[in-house]
Amino acid sequence: MLAKRIIPCLDVTNGRVVKGVNFVELKDAGDPVEIARRYNEAGADELTFLDITASSDNRDLILHIVEAVASEVFIPLTVGGGVRAVGDVQRLLNAGADKVSINTSAVVNPQLVKDASDRYGSQCIVVAIDAKRVGDHWEVFTHGGRNATGLDAIAWAKQMESLGAGELLLTSMDRDGTKSGFDLELTRAISDAVDIPIIASGGVGTLQHLVDGVKEGRADAVLAASIFHFGEYGIDEAKKYMKQHGIEVRL
Amino acid sequence: MSIDIAVIDYGMGNLRSVSKAIEHVAPAANVVVTSDPAVIAAAARVVFPGQGAARDCMREIDARGLRQVIVDAARSKPFLGICMGMQVLFEHSEEGDTACLGILQGTVQRFPHEAMHDDKGNKLKVPHMGWNNVHQAMPHPLWVGIEEGERFYFVHSYFVQPTTPDVIAGFSHYPFPFTCAVASGNIFAVQFHPEKSQNAGLALLGNFVTWNPGEHASACDMSGATCA
């Protein structure tokens with residue numbers, strides 16, 4: 001039976017992982033390869049790297065990181081942040097990324113999602129959707145939740161599926177950083193609206209939130225950063241908890 | 001320097017993961033990623049990966065003049081197909097109504113929309129993406145050291161349907177049983193990604209780089225239990 005996935009997310013800038021990481025005996029807390037190796041050993045099902053570096057000068061750094069991680073860690077790697085053209089997708093895939101996540105550029109130029117999935121296959125194109133509740137619906141935001149787009153999140157998710165997205169990374173801007181749990185209503189609405197897998201993100205503070213994301217939100221995978229980075233919970237601990245609550249996981 | 005393992009590059013996606021994983025399990029081997037038919041012909045073993053759409057894959061194979069050398073390699077030396085590199089070994093794919101290489105008998109079909117729900121009625125997503133249990137349908141040297149039911153990483157929307165069940169080496173459930181590994185002579189091919197399946201995947205690749213198909217045939221004739 002297909003397992004629900006747990007995906008730690010690492011924010012990278014200037015070649016370093018920037019969110020605090022609390023692995024024991026980690027000599028260099030910011031080294032992406034070392035962190036990726038630890039997560040791999042702990043049983044992470046995939047890893048996501050988000051390049052939060054704005055300037056193009058640092059673009060090559062994420063490529064070096066992906067190359068280094070892909071040489072040592074043999075689980076799927078998703079890389080996102082600043083992907084603007086098919087050429088960016090190609091460079092990341094060539095460096096060793098298995099999937100590329102497209103966010104703002106999908107809104108600016110939806111054709112990029114079609115061009116990239118036509119060329120490299122839907123399986124490697126993830127569209128990241130940042131959504132915020134506005135009145136009686138959810139709206140898509142870009143630039144880390146600062147810019148409203150006027151797009152309805154459910155309609156947008158369906159459009160991205162039709163253009164060839166293989167997976168959606170859905171972040172609730174209302175919940176992100178709150179540790180109050182996923183926006184389950186949003187997650188469920190999007191998951192029911194499309195046939196492609198949904199990764200739920202934004203708001204995880206407890207292991208029960210992961211269970212709720214799968215059971216109530218119908219997410220196919222759950223992504224979290226801080227609860228794992230700060231050592232509050234281990235990946236294996238999270239998986240055991242999910243299994244105890246009747247969720248199929250890879251142990 | 002002789003070429004131990006050629007990874008066929010026909011322009012379809014990320015080959016770095018495949019070559020790095022092979023180098024990891026065979027550090028002394030000369031592994032080359034190549035689109036040169038002469039290099040593929042000279043290699044002792046061939047890995048045939050691939051992702052993307054079937055029609056594009058077949059077009060790229062022909063555009064690079066690789067069809068004959070792939071067919072020859074699949075008939076003559078240890079040959080490992082991965083993902084799309086498994087699907088195009090068959091005769092025809094529903095994806096883009098594509099004629100494939102026809103090295104193995106059978107077709108490639110999409111997960112049918114009407115069947116994609118679990119026994120509780122929950123919708124199952126396509127692509128089939130993530131870690132699923134692989135059940136070994138036959139003993140084979142490439143399964144050695146890998147537990148029955150071990151999880152491997154999948155990402156695909158189409159699956160193979162061999163004409164004859166005797167080539168089925170492994171299957172998974174999503175939600176119905178589908179073939180995820182086939183074995184025929186010197187060919188072994190898998191729908192999942194061993195290069196992305198952590199220890200189990202590395203074990204399979206490690207088995208491939210030392211596999212001698214000739215020995216396998218006689219060993220398996222002797223015993224139905226194991227080919228170790």
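Convention: sequence-line order gives letters A, B, ...; per-chain numbering from 1. All values below were derived from every heavy atom in this structure, side-chain atoms included, with hydrogens, water molecules and symmetry-related copies excluded.
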Legend entry - Segment of B/H128 engaging chain A (4.5 angstrom heavy-atom cut-off): side chain
Legend entry - Part of A/D220 within contact of chain B (heavy atom distance under 4.5 Å): side chain
Inset, instruction - Name the region of A/S191, side chain, backbone, both or neither, that has any atom closer than 4.5 Å to a heavy atom of chain B. - result: both
Inset, instruction - With a 4.5 angstrom heavy-atom cut-off, could you sort out which part of A/A97 is near chain B: side chain, backbone, both or neither? - result: backbone
Inset, instruction - Determine the minimum heavy-atom distance between A/I196 and B/P127, stating which atoms define it. - result: CG2-CD, 4.0 Å
Legend entry - Separation between CD of A/Q123 and CZ of B/F154, rounded to the nearest 0.5 Å: 15.0 Å
Inset, instruction - Find the one option among A/G166, A/G121, A/A70, A/A221 whose heavy-atom pairs under 4.5 Å with chain B are most numerous. - result: A/G166
Inset, instruction - Could you tell me whether B/K123 and A/D192 make a salt bridge, using a distance below 4.0 angstrom between a side-chain N and a carboxylate O? - result: no
Inset, instruction - Check whether more than 12 heavy atoms from other residues, nucleotides or ligands sit under 6.0 Å from atom NZ of A/K114, and answer yes or no. - result: no
Legend entry - Salt bridge present between B/K125 and A/E161 (N-O < 4.0 angstrom): no
Inset, instruction - Name the region of A/L92, side chain, backbone, both or neither, that has any atom closer than 4.5 Å to a heavy atom of chain B. - result: neither
Legend entry - Top contributor to chain B contacts, counting heavy-atom pairs under 4.5 Å, from A/E67, A/R119, A/E167: A/E67
Legend entry - CG on B/N133 to CZ on A/R250, rounded to 0.5 Å: 11.5 Å
Inset, instruction - Heavy-atom distances under 4.5 Å only: say whether A/Q90 touches chain B with side chain, backbone, both or neither. - result: neither
Legend entry - A/I75 and B/Y153, any side-chain heavy atoms less than 4.5 Å apart: no
Inset, instruction - Heavy-atom pairs under 4.5 Å with chain A are the metric here; pick the option from B/K20, B/R151, B/M84, B/H24 that has the most. - result: B/R151
Legend entry - Between CZ on residue A/F74 and OG on residue B/S197, distance to nearest 0.5 Å: 12.0 Å
Inset, instruction - Report yes if the side chains of B/H113 and A/D195 come closer than 4.5 Å at any heavy-atom pair, otherwise no. - result: yes
Legend entry - Which portion of A/D118 sits near chain B, non-hydrogen atoms under 4.5 angstrom: backbone
Inset, instruction - With a 4.5 Å cut-off on heavy-atom pairs, point out which of A/K4, A/E46, A/R218 contacts chain B the most. - result: A/E46
Legend entry - Shortest non-hydrogen contact from A/L2 toward B/N132: N-OD1, 3.3 Å
Legend entry - Side chain / backbone / both / neither for B/E195 at chain A, heavy atoms under 4.5 Å: backbone
Legend entry - Option from B/Q51, B/K196, B/R16 for which side chain to side chain contact (heavy atoms under 4.5 Å, CB included) with A/D98 holds: B/K196
Inset, instruction - Give, as side chain, backbone, both or neither, the part of B/H193 having an atom under 4.5 angstrom from any heavy atom of chain A. - result: neither
Inset, instruction - Measure A/K99 against the heavy atoms of chain B and call it side chain, backbone, both or neither at under 4.5 Å. - result: side chain
Inset, instruction - Might you confirm whether atom CD of B/E147 has over 12 heavy atoms from other residues, nucleotides or ligands at distances under 6.0 Å? - result: no
